[in-house]
Every structure is written in C-alpha cells, then in structure tokens.
Amino acid sequence: MASPVIPRVIIGVDLDYFYAQCEEVRNPSIRGKPVVICVYSGRTEESGAVSTSNYPARKLGVKSGIPIILAKRILANYPESVFLPIDLDYYRIVSDRIMEMIRPIGDKFEQASVDEAYLDVSLKSHGSFDGALDIASRIKQEILANEKMTCSVGIGQNKLMAKMAVDSKKPNGLTVIPPGQESLFLSQLPLGRLYGIGPKTEDKLRSIGISTIGELALADRENLSDLFGKKQGPMLKEMANGVDESLVVERPIEQMSRIVTLKHDALIYDFSEVLKPISIDLAEKLASSHLMCKSVSIIAITSDLKIRSRSKSLGEATKSADQIYTVAGELFSSFFKVQGDPKQNEPRLRRVGIKISDFVSVPPAKTETLEDFI
DNA sequence: AATACCGGCGAGT
DNA sequence: TCATACTCGCCGGTATT
C-alpha cells in the first residue's frame, strides 16, 4: 500500500548574477556598467576564463566560460566596462549572511550552492500557494533591505518546479507554477531548458526522436533506461512530467577540491611546489569544518582538456596536510607510471588538483594544535 | 548477492 | 580564436566480502 503523497509547497531562491552583484554592492559606482568576474590562470597577462558577468555584459555576449581575452574584445567599445578578479572568500561571506537570514523562514532549508537555496514552506504557508507567495515576497524584501541585492524566486510543489519557476524569470523574478500546471508550463519550454538536460543529453534524446519536453514526458521508459541507465533514464521522464520527490534537506559537505592551472603544460612535473599549498589549504578547510577525510584523489586536466583522476581511500581518516600531500604525490607517480613511455603525442598536463572526500566529523571537544597542520 | 572502490562523464554554479 | 574553480550525482566495471 503506497503512502499518500502529502502535497508540498517549495520555494527556490537564486541570488541574481551573484558574484557580479556582490561586486556591485561592494562598489555601487559600477552598477549599470558591464561587470565581468574573471578567473585569471596566470599563464599570460590575460589568460583565463569568465566566471560570470552582470546583465549589461551578458546582453553584449559576455557569458560564463568564455575566455577573458574574448570578453575584452567584445567590450572593447565599452571603456566603462569593469573586469574584476574573482574573490570567492568575499562572496562566501555575503552568501553565508543571506543564507542564515532566510534559513529560518521555511520549515526546512537546503542550500544548493553558494547562491541558491530551497525552502519547504508546506507548514508555514498552510499548504497555500498564495501564502507561499507572501513568504517569497518577504524573502525578496529582506535580502534587498539587508544586502541591497536582488534575487529570483520560484514556487512549485517540488524542488524541480521551484527551480524551473526561478529560471523562468531572471533577474529579480517571482514566479509561481500552480499545482496542476506543471506539464503545461514545461511543455512551453525547449528541451534543453529542463533542469539536468545539457547539450550531451539533448543530443542523445534528439537522436532517438525526442526533441521536446512534451515528447520526453511520453517517452518509453525502457527506451530511456537503455540509453541513460536504469536510474537516470526513468528520472528524465519523471522530470519532463514535473515529478520530483526529492526532499528539502540540509546537505552535509561531501567533498572539497582545489585545482590550479600550471604555468606551462607538463609531461612530467615536479608538483611539490603546487601540491603543498593546495594540501595545506584543504587541511585548513577540513579543520574549520571539524572534519577528517578518508579519501584523497588527484585531478588532472590534460592539454586536450580531458579530465583524468586517480583516487585512494585511506584506511583511517586524516586531517593532516602532510598526509594529503603525500598520498596525492603517490597518486601522481602512479598516474605517470601507467601512462607508459612518454610518447611524442602523449597529452600533457594543463591543470592539476586534489580532491578530498568521505568525511567523518571530528568531535568538537578537541582543540586543534599547530602540529595538526604540519 | 551486496557493498565498496575506482575512473569517467555530465551538469550546474 | 580560447577554454577557471569548484560541487554534486550517476554510470559501468571491477574488487572485496
């Protein structure tokens, strides 16, 4: 006997063009000008990629992921344009303040990323979408009043629909997808706009004759399972029907990673210079989160931009920068070993990094000592 | 048979 | 043309128990 599904009311919040808006708040004189947040790789003066940009910049074609050099060319005729280096620590502080502010507004809270959150307001809205609309307005007001920042908000009966509502009107949007309207709302959108369908998935779906969300909603489960796997396949169909049973839950940190771009692509490289500060960084982050890790991975991006990884699960949890560094070093050695003879056309390494995962929490009683970091 | 581990892929910010 | 730094989830294959 299936338990009856209790209707839910979910609010999704997305801070508009977050990094760039943080910079606008920090320095209001740049408001209205194209603002580009840059991740400089340090290879050459202008090498690197655009992390994000504000709407005036986007309108001119400067979007996430494009090379900085290209953004500068596009904005060459707009000398008022502002190019700023990314300042993740600052954005994190602003994000934390906002998240703590809105966390108590719902019954349940989930931070989905630095600039996104979901609130389950089923109880506080008394199950009413009109009630949820009032709560959503209040969220927008509070963020504006306290942080001078706009956000986009969406209301739906699950996280997926809340997210689709948020995405449908940005920036400064407030959108409701009333219960029962899910399929109608989704059917008006192109396939690639469904959350979770990127270019690869869209291509694959088109190859089997599915080119609209409406068609996906009616697709054959077996067919989708064969193509996308037995979990992801059926889920695609569910999503196209506006169905999402996932709960709003506090999400523990599952992994931390640090990655850097090398000055020059390398075939074999002495990574100690690069790996040491990364290990210390990660160990500090572990300590401040009161965690230890049981897995260490290395990440390598080759010059052909493919991502490779090697990982090792530790017997015992660690919080030592030194051990993270040592294991990462071993993983890099084994990585190079299996690559075999350094052939002429062997892809070189462009970016290298470390990821730690499989966390266990440290009882907060014990105080950290200096040796723990070394 | 169930679980853990591993390396890769895709998506999103 | 040039192509960051993260985080999360899933997949299939293999190893372990």
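Because the structure is a prediction, the values reported are computed rather than measured. These numbers come from the heavy atoms of this one structure, side chains and all, not from hydrogens, waters or symmetry mates. In the text below, chain A, chain B and the rest are named by the order of the sequence lines, each starting its count at 1.
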Pairing of A:Glu215 and A:Arg206 as salt bridge, 4.0 angstrom limit: no
Considering only side-chain heavy atoms of [X], which listed nucleotide, [options], is closest?
X: A:Arg310; options: B:dG8, C:dT1, C:dC10; value: B:dG8
X: A:Thr261; options: C:dG9, C:dC6, C:dT4; value: C:dT4
X: A:Met256; options: B:dT13, C:dC11, C:dT7; value: C:dT7
X: A:Lys163; options: B:dT13, C:dT7, C:dA3; value: B:dT13
X: A:Asp115; options: C:dT7, C:dT1, B:dT13; value: B:dT13
X: A:Arg350; options: B:dT13, C:dA3, C:dG9; value: C:dA3
X: A:Ser309; options: B:dG7, C:dT4, C:dT7; value: B:dG7
X: A:Ser113; options: C:dA5, C:dC8, B:dT13; value: B:dT13
X: A:Tyr195; options: B:dT13, B:dG7, B:dG12; value: B:dG12
X: A:Gln232; options: C:dC11, B:dG8, C:dC6; value: C:dC11

How many Å lie between [atom1] on [X] and [atom2] on [N], as a whole number?
X: A:Asp16; N: B:dT13; atom1: CG; atom2: P; value: 13 Å
X: A:Glu254; N: B:dG12; atom1: CD; atom2: P; value: 20 Å
X: A:Lys312; N: C:dA15; atom1: NZ; atom2: C1'; value: 15 Å
X: A:Tyr19; N: C:dT4; atom1: OH; atom2: P; value: 15 Å
X: A:Asp14; N: B:dT13; atom1: CG; atom2: P; value: 7 Å
X: A:Ile301; N: B:dG8; atom1: CD1; atom2: P; value: 11 Å
X: A:Leu70; N: C:dT4; atom1: CG; atom2: C1'; value: 15 Å
X: A:Ile356; N: C:dC8; atom1: CD1; atom2: P; value: 12 Å

Find out whether the Lys NZ or Arg CZ of A:Arg308 is both under 6.0 angstrom from the six-membered ring centre of A:Phe335 and within 45° of the ring's axis. no
Geometric cation-pi criterion, A:Lys72 with A:Phe83: 6.0 Å, 45°: yes
Need to verify one output field. Residue with the more 5' nearest nucleotide on DNA chain C, A:Ser64 or A:Phe228? A:Ser64
Taking the nucleotide of DNA chain C with the closest heavy atom to each, which residue, A:Ser51 or A:Gln255, is nearer the 5' end? A:Ser51
Residue-phosphate contact under 4.0 Å: [X] side-chain N/O, [N] OP1/OP2:
X: A:Ser295; N: B:dC5; result: no
X: A:Arg258; N: C:dC6; result: yes
X: A:Lys285; N: C:dT7; result: yes
X: A:Ser311; N: B:dC5; result: no

Divergence of helical axes at both termini of the helix from B:dA1-C:dT17 to B:dT13-C:dA5 - five pairs an end, 10° steps: 10°
Could you grab the distance from atom CD of A:Gln141 to atom CD1 of A:Ile139, nearest 0.5 Å is fine? 10.5 Å
For [X], answer base if it contacts any base atom (sugar-phosphate contacts may also be present), sugar-phosphate if it contacts only those atoms, and nothing otherwise; contact means non-hydrogen atoms under 4.0 Å.
X: A:Ile259; value: sugar-phosphate
X: A:Gly353; value: nothing
X: A:Arg251; value: sugar-phosphate

Flag the pair A:Met256 / A:Phe359 as yes when at least one side-chain heavy-atom distance between them is below 4.5 Å, and no otherwise. yes
Please give me every residue in residues 196-214 of chain A whose heavy atoms get under 4.0 Å of an atom in DNA chain B, ordered by residue number. A:Gly196, A:Ile197, A:Gly198, A:Pro199, A:Lys200, A:Thr201
Parallel, tilted or perpendicular: which one describes the rings of A:Phe18 and A:Tyr91, with boundaries at 30° and 60°? perpendicular
Please assess A:Lys140 against A:Asn172 for the test side-chain hydrogen bond (donor to acceptor under 3.5 Å, both in side chains), listing each intermediate value before the final yes or no. CA-CA 8 Å; A:Lys140 287 174 69 79; A:Asn172 203 10; 2.9 Å; yes
When you look at [atom1] of [X], are more than 12 heavy atoms from neighbouring residues, nucleotides or ligands closer to it than 6.0 Å?
X: A:Glu80; atom1: CD; result: yes
X: A:Glu222; atom1: CD; result: no
X: A:Leu184; atom1: CG; result: yes

Would you say the side-chain atoms of A:Gln21 pair up with the backbone N or O of A:Asp16, donor to acceptor, closer than 3.5 Å? yes
Yes or no on side-chain contact (heavy atoms from CB on, under 4.5 Å) for A:Glu238 and A:Asp244, after CA distance, side-chain angles and deciding distance? CA-CA 7 Å; A:Glu238 301 295 301; A:Asp244 171 23; over 6 Å; no
Are the ring centres of A:Tyr55 and A:Tyr17 closer than 6.0 Å? yes
Are A:Ser128 and A:Asp130 close enough that a side-chain donor and a side-chain acceptor fall under 3.5 Å? no
Strand contacts (DNA chain C) in residues 34-48 of chain A, 4.0 angstrom heavy-atom criterion: A:Val39, A:Ser47, A:Gly48
Check whether the side chain of A:Arg351 and the base of C:dT4 form a donor-acceptor pair under 3.5 Å. no
